[in-house]
Amino acid sequence: MGTEGAGAPPAGPQSPPSPPLDLDALVRRAHAAAGRSVGELAKAHGYRVPTRLGQHKGFIGQLLEVVLGADAGSESRPDFTGLGIELKTLPIRDTGVPTQSTFVCKATIDGTDSFEFKDTALWHKLSCVLFFPVQGEAAIPLIARRFGTPFLWRPEGAEAARLEADWRALTGRIRAGELEQITGHDGEVLQLRPKAMNASERSLGIGAEGWLVPMPPRGWYLRPQFTRELIARAFDLDI
DNA sequence: CAATGATCATCG
DNA sequence: CGATGATCATTG
């Protein structure tokens with residue numbers, strides 16, 4: 001389709017689509033977005049595309065929320081409230097290999113996390129995810145990056161067990177006062193890494209002496225090696 | 001302030 | 001050149 005329409009293009013955001021009423025409706029919208037570019041979808045919804053993601057890191061994810069009618073905003077609930085589905089963009093190379101880790105949620109580091117994995121925010125975020133692949137190589141101009149085919153992921157069996165094992169091990173170390181020794185090297189499929197606006201941000205976490213002390217906030221991330229497995233299975237790729 | 005959305009920058 | 005640690009914008 002042309003990108004230079006003759007009429008005046010909308011300058012600002014339009015009224016966003018309402019939330020999809022059921023999974024079918026969401027899947028239909030999602031597949032309609034597959035194969036389209038960031039520029040196309042932005043234009044269709046009245047958004048301007050920044051030149052680089054640098055100062056706008058969440059742009060693609062937030063554009064997709066609008067396109068698909070996500071209704072959660074910045075609240076702690078699934079992107080598609082009624083469906084219990086979490087939306088995540090997944091930046092990939094043209095080979096299908098993810099270019100980045102995937103942020104899941106802020107980690108609880110003060111010892112108040114549940115003892116049951118399935119009661120944690122981490123599990124609730126991961127229990128039903130609509131992954132939306134998008135070209136993620138910095139060499140491709142943001143406006144030209146295309147979305148791939150989305151796929152729904154519900155971890156179960158051995159996969160869910162791997163997530164839980166990492167969570168259990170890392171949470172155990174947090175409770176044992178070893179948080180400050182945990183690095184991004186730890187965890188097979190999950191990572192516990194810094195998640196902050198800047199180096200001066202602090203959260204209360206369990207220190208080496210067992211007391212709560214201010215320290216850099218942490219977040220849970222999925223390793224790119226793990227999301228690579230998910231991509232490979234979803235598209236039957238040999239990567 | 002803490003949640004959402006992530007990518008950037010640097011090092012081994 | 002991939003992974004880790006650091007960082008940026010916006011919203012309720």
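Residue numbering restarts at 1 for every chain, and letters A, B, ... go by the order of the sequence lines.
The interatomic distance linking A/N198 (CG) with B/dA2 (P) rounds to 14 Å, in whole Å. For the pair A/E188 CD and C/dT4 P, the computed distance is 13 Å after rounding to whole Å. The interatomic distance linking A/L204 (CG) with B/dC1 (C1') rounds to 13 Å, in whole Å. Here the P atom of nucleotide C/dT4 and the CZ atom of A/R218 are 14 Å apart, to the nearest Å. Spacing between atom CD of A/E137 and atom P of C/dG2 amounts to 10 Å, rounded to whole angstrom units. To the nearest angstrom, C1' of B/dA2 lies 19 Å from CH2 of A/W220. In this structure, A/L63 atom CG and C/dT10 atom P are separated by 15 Å, rounded to whole Å.
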A/E164 and A/K118: salt bridge (charged side-chain N to carboxylate O under 4.0 Å, His left out), yes or no, with the steps?
-> CA-CA 9 Å; A/E164 179 166 355; A/K118 300 211 167 160; 5.7 Å; no
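For A/R162, the side chain to side chain contact (heavy atoms under 4.5 Å, CB included) criterion is met by A/E188, A/V189, A/F226, A/E229, not counting sequence neighbours. In this structure, the side chain to side chain contact (heavy atoms under 4.5 Å, CB included) partners of A/P19, at least two apart in sequence or on a different chain, are A/D71.
By the 4.5 Å heavy-atom criterion applied to side chains, A/Q55 and A/P50 are not counted as neighbours. In this structure, the side chains of A/H31 and A/P150 come closer than 4.5 Å at one or more pairs of heavy atoms.
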Going 5' to 3' through nucleotides 5-12 of chain B and flagging B where a protein heavy-atom sits under 4.0 Å of the base, S where only the sugar-phosphate is that close, and - otherwise, we get BBBB----
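Taking for each of A/P216 and A/Q225 the nucleotide of DNA chain C with the nearest heavy atom, the 5'-most of the two is the partner of A/Q225.
Residues A/W153 and A/I92 fall within the same hydrophobic cluster, defined by Ile, Leu, Val, Met, Phe, Trp and Tyr side chains chained together at heavy-atom separations under 4.5 Å.
Of the side-chain N and O atoms in A/R223, none sit less than 4.0 angstrom from OP1 or OP2 of C/dG2. OP1 and OP2 of C/dA3 both lie 4.0 Å or more from every side-chain N or O belonging to A/Q191.
Sorted by first and then second residue, the salt bridge (Lys or Arg N to Asp or Glu O under 4.0 Å) pairs with a member in residues 173-182 of chain A read A/R173-A/E178, A/R173-A/D186; sequence neighbours excluded. For the salt bridge (Lys or Arg N to Asp or Glu O under 4.0 Å) condition, the pairs that include at least one residue of residues 73-91 of chain A, sequence neighbours left out, are A/E75-A/R77, A/E86-A/K125.
A/R93 comes within 4.0 angstrom of sugar-phosphate atoms only, judged by non-hydrogen atoms across all strands, and of no base.
Remark: A/T183, A/G184, A/H185 in residues 166-187 of chain A come within less than 4.0 Å of DNA chain C through at least one heavy atom.
Between A/F117 and A/W123, the two ring planes are tilted [angle within 30° to 60°].
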